[in-house]
Amino acid sequence: MSTFTIFLALIIIVAFLLVVVIMVQNPKGGGLSSSFGGGGQQMGGVKKTTDFLDKSTWTLATLLLVLILLSNVTIMDAPADAASGVFESDEPVNTEVPATQTPAQQPAQTDSAQ
């Protein structure tokens, strides 16, 4: 398993988690924290839920950016033979140009419409 494959799996997992965390939040300030009680009326855990979601969003977004940059570095550091093998098949490529084929000799047409 290559390093790029590991980074790709991590990027997919972090992207999924980021989508889940963003979907839990409500853009109007309701979200998960308002489902446990009134807006800012309770003290303690509910207010901290919004803080946790906000911090986890920024953390996951930063982690996603770092993973993408690191995966790009692993692609650039790969040897040329390994990188070119992804796009090429094992079959030899025929580089010969086929000779032009002449159309079969057709019998001369006679003008019978005279």
Donor-acceptor contacts under 3.5 Å from residues 2-12 side chains, at least two apart:
residue	atom	partner	partner atom	Å
S2	OG	T5	N	3.3
S2	OG	T5	OG1	2.8

Write down the atom of S71, the atom of T74, and the distance for their closest heavy-atom approach. O-OG1, 2.6 Å
From L18 atom CG to I13 atom CD1, the distance as rounded to the nearest 0.5 Å: 13.5 Å
Compile the donor-acceptor pairs under 3.5 Å between side chains in residues 57-66 and protein atoms, sequence neighbours left out, one pair per line.
residue	atom	partner	partner atom	Å
T57	OG1	Q25	NE2	2.8
T57	OG1	L53	O	2.7
T59	OG1	K55	O	2.7
T62	OG1	W58	O	2.8

